[in-house]
Amino acid sequence: MTSDRTRRVELIEATESGGRFEGPATGDERPMLLSMLAAQRTTLELKCAGLDEELSRRSVEPSTLSLLGLVRHLADMERQWFRRVLDGQDVVPRFSSAADPDGDFDGAVSGPGAAAEAWAAWREEVEFAERFAAGAPGLDVEGESPWRGKVSLRWVLIHMIEEYARHNGHADLLRERIDGTVGM
């Protein structure tokens with residue numbers, strides 16, 4: 001059986017990665033981790049490119065998972081790990097709370113400025129995280145997490161790479177369901 005449909009591997013090989021994954025593969029650990037995390041963050045932006053109101057589309061009902069929810073969730077994760085845990089700031093999540101722990105996803109509904117608000121929050125948190133990670137005296141800087149206990153900057157960077165990679169996989173499927181786009 002043959003198909004006229006392009007295989008994903010062909011799309012990936014044919015598209016320009018824009019240098020996303022061309023960071024260092026040897027040498028110092030910090031540049032490698034920061035480069036890989038930056039590539040994952042850029043991938044999220046690419047998965048959502050060209051969409052605004054469609055970001056809130058929930059294409060796998062009854063799940064509340066949406067691209068807008070992913071942006072909101074990742075803004076909260078950036079805030080949690082870098083501001084609260086590592087920098088010790090007394091800040092609350094932007095989109096979820098103890099009373100509404102899934103508010104990042106459940107509250108991701110279309111409306112005037114909803115996408116712009118989520119992206120602005122995400123960019124602000126990413127900017128803080130990048131400054132913190134670049135300025136830290138080393139990867140062994142530690143913070144206290146209610147979930148994991150004592151964690152290092154090294155662990156947080158690895159965890160955030162995993163968090164983005166996992167959710168970028170979700171974003172692949174959501175984007176394909178929204179408008180058929182694959183291979184970004």
Side-chain angles (χ1 to χ4, degrees), residues 17-18 20-21 23 32-60 63-87 89 91-111 113-134 136 143 145-148 151-179 181 184:
S17 73
R20 270 184 296 162
F21 296 101
M32 282 191 279
L33 291 171
L34 294 177
S35 173
M36 187 59 70
L37 182 52
Q40 292 297 330
R41 288 169 173 151
T42 300
T43 298
L44 175 69
E45 290 181 290
L46 288 172
K47 300 288 178 196
C48 298
L51 302 176
D52 189 16
E53 292 298 315
E54 300 90 348
L55 285 177
S56 63
R57 185 163 164 214
R58 295 173 177 169
S59 56
V60 287
S63 171
T64 59
L65 189 65
S66 67
L67 290 172
L68 181 59
L70 290 174
V71 173
R72 290 163 50 104
H73 172 72
L74 289 164
D76 274 356
M77 292 300 93
E78 295 274 2
R79 186 173 182 88
Q80 169 70 21
W81 289 110
F82 292 98
R83 286 190 195 266
R84 282 194 73 151
V85 172
L86 291 173
D87 199 42
Q89 294 182 24
V91 294
V92 296
R94 290 175 176 263
F95 301 107
S96 58
S97 66
D100 189 9
D102 292 325
D104 44 359
F105 290 106
D106 295 346
V109 294
S110 184
E117 176 193 7
W119 281 117
W122 180 80
R123 286 187 177 94
E124 184 178 320
E125 297 305 330
V126 166
E127 183 180 300
F128 177 86
E130 289 174 337
R131 274 194 327 272
F132 181 90
S145 162
W147 172 56
R148 290 287 302 195
V151 296
S152 68
L153 173 57
R154 175 183 290 103
W155 184 90
V156 169
L157 291 171
I158 291 167
H159 175 65
M160 290 302 292
I161 292 166
E162 176 272 333
E163 183 85 6
Y164 273 93
R166 176 175 170 250
H167 290 311
N168 283 337
H170 297 137
D172 276 334
L173 297 172
L174 289 164
R175 182 64 189 251
E176 186 173 0
R177 293 280 300 176
I178 289 170
D179 66 2
T181 300
M184 295 172 73

To the nearest 0.5 Å, what is the distance between [atom1] on [X] and [atom2] on [Y]?
X      : Y      : atom1 : atom2 : answer
Leu174 : Thr181 : CG    : OG1   : 12.5 Å
Leu70  : Arg166 : CG    : CZ    : 9.5 Å
Leu37  : Glu163 : CG    : CD    : 11.0 Å
Leu46  : Arg175 : CG    : CZ    : 9.5 Å
Ile178 : Leu173 : CD1   : CG    : 11.0 Å

Closest approach of [X] to [Y] (non-hydrogen atoms, all atoms of both residues):
X      : Y      : answer
Leu55  : Ser66  : O-CB, 3.5 Å
Asn168 : Lys47  : O-CE, 4.1 Å
Pro101 : Ala98  : CD-O, 3.6 Å
Leu86  : Ser152 : CD2-C, 4.2 Å
Leu68  : Ala115 : CD1-CA, 3.9 Å
Gln89  : Asp87  : NE2-OD2, 2.9 Å

If you count heavy atoms of other groups shown closer than 6.0 angstrom to CE of Met36, is the number above 12?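 No, not enclosed.
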Next item on the list: Just do the salt bridge (Lys or Arg N to Asp or Glu O under 4.0 Å) check on Glu45 and Arg41 with the steps written out, would you?
Entry: CA-CA 7 Å; Glu45 290 181 290; Arg41 288 169 173 151; over 6 Å; no
Say whether, by atom type as modelled, one donor and one acceptor occur between the side chain of [X] and the main chain of [Y] under 3.5 angstrom.
X     : Y      : answer
Arg79 : Val91  : no
Arg58 : Ala108 : yes
Arg72 : Gly103 : yes

[Y] side chain reached by [X] side chain, heavy atoms, under 4.5 Å:
X      : Y      : result
Leu74  : His167 : yes
Arg84  : Pro146 : no
Cys48  : Val71  : yes
Arg94  : Glu124 : yes
Val151 : Trp81  : yes

query = Looking at the rings of Phe95 and His73, which for Trp means the six-membered one, are their centres under 6.0 Å apart?
reply =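 Judged by ring-centre distance (under 6.0 Å), Phe95 and His73 do not meet the cut-off.
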Pairing donors with acceptors under 3.5 angstrom, does anything connect the side chains of Ser96 and Asp76?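 Result is yes, a qualifying pair exists.
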Parallel, tilted or perpendicular: which describes the rings of Trp122 and Trp119, with under 30° parallel and over 60° perpendicular?
->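 It falls in the perpendicular class, over 60°.
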*Verdict with reasoning, Val126 to Glu130, per side chain to side chain contact (heavy atoms under 4.5 Å, CB included)*: CA-CA 6 Å; Val126 166; Glu130 289 174 337; 3.7 Å; yes
Exercise for the section: Carefully, step by step, assess Leu44 and Tyr164 under the rule side chain to side chain contact (heavy atoms under 4.5 Å, CB included). Expected result: CA-CA 8 Å; Leu44 175 69; Tyr164 273 93; 4.0 Å; yes
Salt bridge between Glu127 and Arg123, side-chain N to carboxylate O under 4.0 Å?
->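 Salt bridge flag = no for Arg123 with Glu127.
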